[in-house]
Number of protein chains: 2
Amino acid sequence: MAWEEVLAQNGYRVTAPRRAILLVLQGATQPLTPEEILAQARQLHPSLGLVTVYRTLDVLNALELVRCAHRDRACHGFLPATQGHHHVIICQKCHRAVEFPGDEDLEGLFRRIEEQTGYRVCDHLLQLAGLCPACQKEEAIEPYPLEEKI
Amino acid sequence: MAWEEVLAQNGYRVTAPRRAILLVLQGATQPLTPEEILAQARQLHPSLGLVTVYRTLDVLNALELVRCAHRDRACHGFLPATQGHHHVIICQKCHRAVEFPGDEDLEGLFRRIEEQTGYRVCDHLLQLAGLCPACQKEEAIEPYPLEEKI
DNA sequence: CCCTTTTTGAAAAATATTTTCAGTAACATC
DNA sequence: GATGTTACTGAAAATATTTTTCAAAAAGGG
Ligand SMILES: [Mn+2]
Ligand SMILES: [Mn+2]
Ligand SMILES: [Zn+2]
Ligand SMILES: [Zn+2]
């Protein structure tokens, strides 16, 4: 289904500023920042404002028409690092993080991607989110409090 | 090797502000933002400034004493999304990105992590970096231009 | 058309990060 | 232990990024 239809069918209005942003993103072959989107979309709709780009990205993201990619330096949290190559899994509730080593399980994936895409895999960003043991227990007893709310 | 030694052996000075930041990070069990680090480290060294936190994080990162974790909403680039769950690989040279589907290869890893850490894996962030076919070719012929430079 | 509601862009506010710079402190050398 | 060099520091300002506010404009159903 065309993006404009998706907007319309979900109760969003199809406006000129949005059409400009849609066209830019539909043609994108690399991750574009809001500023980059603005610059390109202004060629189609000169009065476009950066705010509208942000707002439209929120909408497109919610409708799963775009996906976002983290840029290299966009780091917002720091952890002590165990020597060597590791990744982290962070608890979605309490934010406690633990590292885990090793990429053996990923090598197969990397080789497959190289065959499928023709890219050479040089680096990767892998980070898991989940529930730590403690928070899993809390979640398990969550049903009970419902009785109290009645 | 202790962190202070690593600093010293790499020509960095061991200062009171840095020691405060080190202590905070060494004890961290979740990813801390520069502001969070500042707040905690000021209990040890009240005159500490946020700038020093940023600068010390750069140093610790370069020495691989800390690792950084991306936070949920820290998205800085957007791409059109193919329907369904995908990941992207981005060319380190030209930034061209392509998607790839599927997590079959990751399921084994996830189950292993769950056993090893006790965490339940709910979500994940996987993004690859590499060289696209075109940039691989350019890289291959890179040696030649050296002759011209002589 | 008309009406209601959403959407828009400017401006301001709120956040986040980097640069500048003069004063301070680390530490190698004596 | 004093000294000199140089790295390091924090305040302030600059820059960059994202969100909020608000009055005007536009979408689209009736
Ligand atoms: Mn890895
Ligand atoms: Mn996946
Ligand atoms: Zn938890
Ligand atoms: Zn490329």
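All figures in this text were calculated on a predicted structure; none of them were measured in a lab.
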Is a donor-acceptor contact shorter than 3.5 angstrom present between the side chain of A:Arg13 and the base of D:dG29?
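Such a pair does not exist between side chain and base.
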Greater than 12 external heavy atoms within 6.0 Å of A:Arg19's CZ
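Yes.
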Spacing between [X] atom [atom1] and [N] atom [atom2], to the nearest angstrom:
X       : N      : atom1 : atom2 : answer
B:Leu44 : D:dT9  : CG    : C1'   : 17 Å
B:Tyr54 : C:dT19 : OH    : C1'   : 14 Å
B:Arg55 : C:dA25 : CZ    : P     : 15 Å
A:Asp58 : C:dT8  : CG    : P     : 12 Å
B:Leu38 : D:dT9  : CG    : C1'   : 13 Å
B:Leu7  : D:dA7  : CG    : P     : 15 Å
A:Glu4  : C:dT7  : CD    : P     : 14 Å
B:Glu35 : C:dT17 : CD    : C1'   : 11 Å

Can you confirm whether or not the ring centre of B:His124 sits under 6.0 Å from the ring centre of A:His87?
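Ring centroids of B:His124 and A:His87 are no less than 6.0 Å from each other.
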Could you give the distance from CH2 (A:Trp3) to CG (A:Leu63), rounded to the nearest 0.5 Å?
10.0 Å
Interatomic distance, OG1@B:Thr52 vs CZ@B:Arg55, rounded to 0.5 Å, equals 4.5 Å
For C:dT8, does either OP1 or OP2 sit under 4.0 Å from a side-chain N or O belonging to A:His45?
no
Judged by nearest nucleotide, the residue sitting upstream toward the 5' end of DNA chain D, B:Val51 or B:Thr15, is B:Thr15
For A:Arg111 and A:Glu114, run salt bridge (charged side-chain N to carboxylate O under 4.0 Å, His left out): C-alpha distance rounded to whole Å, both residues' side-chain angles, the deciding distance at 0.1 Å, then the answer.
CA-CA 5 Å; A:Arg111 296 293 89 70; A:Glu114 289 186 335; 3.1 Å; yes
Touch class at under 4.0 angstrom, heavy-atom based, for A:Leu50 against every strand present:
base
For A:Arg18, answer base if it contacts any base atom (sugar-phosphate contacts may also be present), sugar-phosphate if it contacts only those atoms, and nothing otherwise; contact means non-hydrogen atoms under 4.0 Å.
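Contact class for A:Arg18: sugar-phosphate only.
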Quick one: which of D:dT9, D:dC8, C:dG9 gets closest to the side chain of B:Pro17?
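Of D:dT9, D:dC8, C:dG9, D:dT9 is nearest to the side chain of B:Pro17.
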